[in-house]
Protein chains: 2
Amino acid sequence: MADTDVQNGAESAAKVRTLADLARIAGVSAGTVSRALAGNSLVNTKTREKIEAIAREHGFRPNQMASKLRRQKTGVIGVAIPLGHDVRQQISDTFFMTLLGYLADELTEKGYDLMLRRVIPAQDEDWLDRFIGSGMVDGVIVIGQSDQFERIEDVADGYLPMVVWGNHQEGQRHCVVGSNNRLGGKLAAERLIASGAKSLAFLGDTQPIEFAARYAGAKEVAAKMGVAIRPLPTHLSPERTGEEIAKHLREIEGKVDGIFAATDTIAVTCLKELRERGMEVPGQIKIVGFDDLPISSQTMPPLTTVRQDIAAGAKGLVDLLLRRLEGEDTESLVLPPHLVLRETA
Amino acid sequence: MADTDVQNGAESAAKVRTLADLARIAGVSAGTVSRALAGNSLVNTKTREKIEAIAREHGFRPNQMASKLRRQKTGVIGVAIPLGHDVRQQISDTFFMTLLGYLADELTEKGYDLMLRRVIPAQDEDWLDRFIGSGMVDGVIVIGQSDQFERIEDVADGYLPMVVWGNHQEGQRHCVVGSNNRLGGKLAAERLIASGAKSLAFLGDTQPIEFAARYAGAKEVAAKMGVAIRPLPTHLSPERTGEEIAKHLREIEGKVDGIFAATDTIAVTCLKELRERGMEVPGQIKIVGFDDLPISSQTMPPLTTVRQDIAAGAKGLVDLLLRRLEGEDTESLVLPPHLVLRETA
DNA sequence: CTGAAAGCGCTAACAG
DNA sequence: CTGTTAGCGCTTTCAG
């Protein structure tokens with residue numbers, strides 16, 4: 001063995017890729033370097049500074065895979081977006097994307113990284129187990145229950161660090177954060193009726209559980225007030241939606257004077273079709289949306305809608321997840337929606 | 001040493017967490033299990049099936065951290081969104097979020113996972129090196145150059161697997177995918193002038209390099225045609241933008257009859273302010289946007305705008321990155337924008 | 001305060 | 001076709 005030929009001109013040229021490399025040129029052991037770089041308590045200040053200097057000089061970064069393997073935690077939270085019904089569009093759905101943005105903020109702030117996975121349950125039965133079992137994430141946030149309520153329930157029993165954005169149902173086992181959709185539906189229907197509508201329609205797919213709850217709330221109010229309400233199914237992707245809505249509008253003309261749209265996106269499209277058919281809003285037909293996206297205040301006329309607090313939702317998701325990571329079995333969080341009165345109803 | 005006390009009632013109760021566990025109860029070696037689960041070539045079919053059965057029965061998933069450490073690749077692509085000027089809003093900017101959605105699609109399809117990181121360069125000088133050097137990702141996609149052009153350039157010299165969404169500049173060193181913003185700016189200005197505008201304004205921040213290029217293109221055309229053009233700076237966050245635009249509108253009233261908005265989001269807000277001031281579009285004032293977001297066809301009147309092909313952009317980013325992962329030093333990809341003629345100009 | 005040593009769980013030669 | 005062996009690069013007792 002040649003002796004440690006350290007202090008020659010080649011020193012700074014040598015690329016230092018491991019703790020051991022760095023240790024060698026610092027003349028200490030790998031353990032010490034590890035401790036120093038971790039800011040660990042009991043390392044001589046001189047030694048630490050020296051090590052830090054060398055690390056900086058060589059642009060050294062400890063290998064995270066090794067670190068994570070050793071420590072048995074990843075510092076990564078998985079965020080899954082299941083694309084159930086409307087495969088193509090959901091991921092670019094403005095609401096979910098905005099929620100994702102806030103989630104990224106919150107997680108970053110708490111020192112976690114975010115691993116995004118778009119899943120198509122229909123093509124991959126096992127999506128949730130795989131994500132969880134991948135060993136890549138410390139916990140999972142699922143954005144939207146889609147049509148996967150049961151699968152999520154199944155998993156929840158055996159896996160604590162998971163929180164889901166979606167609808168809350170009496171007695172469910174998975175921890176969910178979401179708006180009170182049923183209440184939101186009630187608010188919408190109440191407003192529509194209060195502003196004079198005599199016959200309602202719910203515009204949107206009623207399969208997704210969140211939408212179903214919105215519709216159910218509206219139905220409850222409608223029944224109580226003795227007005228009719230009918231479902232008008234649509235898809236989420238804007239291209240097809242336009243035609244679908246136009247078709248619905250033709251069919252209901254004169255029969256419906258109050259529309260509750262499942263989302264603002266649908267409401268905005270509807271508003272446009274209404275305009276093209278020359279229907280006056282809110283004169284001849286009233287409309288209420290759901291979400292309160294930024295666009296909603298920009299439409300003509302500005303959209304009356306039911307607001308979900310996205311930032312609060314993201315905060316709640318992260319907060320509950322972190323507590324679950326600590327072992328706490330947290331309750332679900334149901335946020336109250338608020339009616340935002342503008343000019344369409 | 002006790003002999004392998006395997007086949008007793010406890011067998012199926014024992015939780016199998018490692019290859020070794022599984023190997024023990026299958027009566028083979030860890031190596032074989034590894035090969036079997038990897039679908040590797042030369043494992044006896046019987047053996048493989050047995051191993052797969054046991055794995056399924058116990059819900060076993062190999063630990064990815066260990067695997068990745070060993071194989072020196074992560075199967076993860078990092079996606080960074082630098083928040084330069086307008087810290088708060090950019091991440092929920094519709095355009096970037098839509099691009100992110102498509103990226104998620106593309107990467108998933110190619111078998112990669114996506115690690116999302118929102119960075120605030122002002123608070124973290126070292127963001128890009130850290131992301132790259134973290135050992136968590138095989139390659140990096142940066143969404144938007146923000147005000148970080150120079151930093152990205154610096155890094156590009158020493159790090160191949162990086163592709164950036166943004167503007168292309170003659171002689172730059174990093175690989176970029178993006179629209180020809182300058183050309184887009186020309187198209188916008190030409191259209192404005194062709195539809196009768198005599199004095200133009202560019203509505204939006206001119207600092208970000210992409211916006212600067214759009215403005216430059218418009219300026220070039222304006223100069224050639226002998227019409228004036230002035231910049232009207234705004235922020236991106238919708239709350240403040242409304243007021244800012246209103247203020248600008250007050251100041252330019254009667255002096256400007258053609259507005260080129262840096263993005264559709266800005267254009268939509270502008271349209272609304274214009275309406276509130278009772279200005280007729282396109283009668284009194286014309287307006288052209290940029291991006292062609294879904295909302296743009298829903299405004300009243302529908303927005304004339306310069307279209308960026310987001311899906312093609314995402315495809316290009318992933319495609320180039322994968323080639324760089326193979327060692328190829330790819331060229332940048334500049335996509336042609338298209339004028340979408342609607343009713344505002 | 002620091003070094004030595006023992007793995008985290010998996011994969012990939014290398015032998016059989 | 002399968003077992004054995006030797007690490008990937010880091011963290012963490014356990015001794016000094």
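Atom set for the values below is all heavy atoms of this structure, side chains included, hydrogens, waters and symmetry mates excluded. Just so we're on the same page: letters track the sequence lines, and every chain starts at 1.
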*Asks:* Roughly, in whole Å, what's the span from CG in A:L69 to P in C:dC10?
*Replies:* 9 Å

*Asks:* Consider the side chain of A:R70, meaning its heavy atoms from C-beta on, and name the nucleotide among D:dG3, C:dA6, C:dG9 that approaches it most closely.
*Replies:* C:dA6

*Asks:* For A:E49 and C:dC1, give me the distance from atom CD to atom C1', rounded to whole Å.
*Replies:*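 A:E49 atom CD is separated from C:dC1 atom C1' by 15 Å.
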
*Asks:* Decide salt bridge (charged side-chain N to carboxylate O under 4.0 Å, His left out) for B:K68 and B:D138; before the verdict, give the C-alpha distance in whole Å, the side-chain angles of both, and the deciding distance to 0.1 Å.
*Replies:* CA-CA 11 Å; B:K68 290 170 193 308; B:D138 291 341; over 6 Å; no

*Asks:* Above 12 or not: heavy atoms from other molecules or residues under 6.0 Å from CZ of B:R324?
*Replies:* yes

*Asks:* Does B:T18 place a side-chain N or O at less than 4.0 Å from the phosphate oxygens OP1/OP2 of C:dG9?
*Replies:*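 Indeed not, no polar side-chain atom of B:T18 lies that close.
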
*Asks:* Rounded to the nearest Å, what distance is computed from the CG atom of residue A:L19 to the P atom of nucleotide C:dA4?
*Replies:* 15 Å

*Asks:* Quick check: do A:Y159 and A:L128 have side-chain heavy atoms less than 4.5 Å from each other?
*Replies:* no

*Asks:* To the nearest Å, give me how far apart CG (A:N63) and P (C:dG9) are.
*Replies:* 17 Å

*Asks:* Please report the distance, rounded to the nearest Å, between CZ in B:R48 and P in D:dT2.
*Replies:*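 That distance rounds to 10 Å.
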
*Asks:* Looking at D:dC10, C:dT2, C:dT11, which one has an atom nearest to any side-chain atom of B:S67?
*Replies:*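 Comparing D:dC10, C:dT2, C:dT11 against the side chain of B:S67, the answer is C:dT11.
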
*Asks:* Return the nearest nucleotide to the side chain of A:V43; candidates are D:dG3, D:dC10, C:dT2.
*Replies:*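 Per side-chain heavy atoms of A:V43, the pick is C:dT2.
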
*Asks:* To the nearest angstrom, how far is A:R17 atom CZ from D:dC8 atom P?
*Replies:*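 A:R17 atom CZ is separated from D:dC8 atom P by 11 Å.
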
*Asks:* Any base atoms under 4.0 Å from A:S34, or only sugar-phosphate, or nothing? Heavy atoms, all strands.
*Replies:*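 Base: the residue A:S34, judged by heavy atoms under 4.0 Å, touches a nucleobase.
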
*Asks:* Report the C-alpha distance between B:M115 and A:L116 in whole Å, list the side-chain angles of each, state the deciding distance to 0.1 Å, and finish with yes or no for side chain to side chain contact (heavy atoms under 4.5 Å, CB included).
*Replies:* CA-CA 6 Å; B:M115 183 133 131; A:L116 180 64; over 6 Å; no

*Asks:* Nearest whole Å is fine: how far is C:dT11 P from B:L22 CG?
*Replies:*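 Answer to the nearest Å: 12 Å.
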
*Asks:* With rounding to the nearest 0.5 Å, note down the distance linking CZ in A:R173 to CD1 in A:I152.
*Replies:*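 These two atoms lie 11.5 Å from each other.
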
*Asks:* Name the closest nucleotide to the A:N44 side chain, picking from D:dC8, C:dC1, D:dT2.
*Replies:* C:dC1

*Asks:* Would you say B:T32 places a side-chain N or O within less than 4.0 Å of OP1 or OP2 belonging to D:dG3?
*Replies:* yes

*Asks:* Among C:dG9, D:dC10, D:dC8, which is the nearest nucleotide to the side chain of B:Q72?
*Replies:* D:dC8

*Asks:* At less than 4.0 Å, is any side-chain N or O atom of A:R35 found next to OP1 or OP2 of C:dC1? Yes or no.
*Replies:*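 Looking at the OP1 and OP2 atoms of C:dC1, neither is under 4.0 Å from any side-chain N or O of A:R35.
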
*Asks:* Without decimals, in angstroms, what is the distance between A:R71 CZ and C:dG9 C1'?
*Replies:*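 So the two atoms are 17 Å apart, to the nearest Å.
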
*Asks:* Which residue lies toward the 5' end of DNA chain D, B:A30 or A:A20, if each is placed at its nearest nucleotide?
*Replies:* B:A30

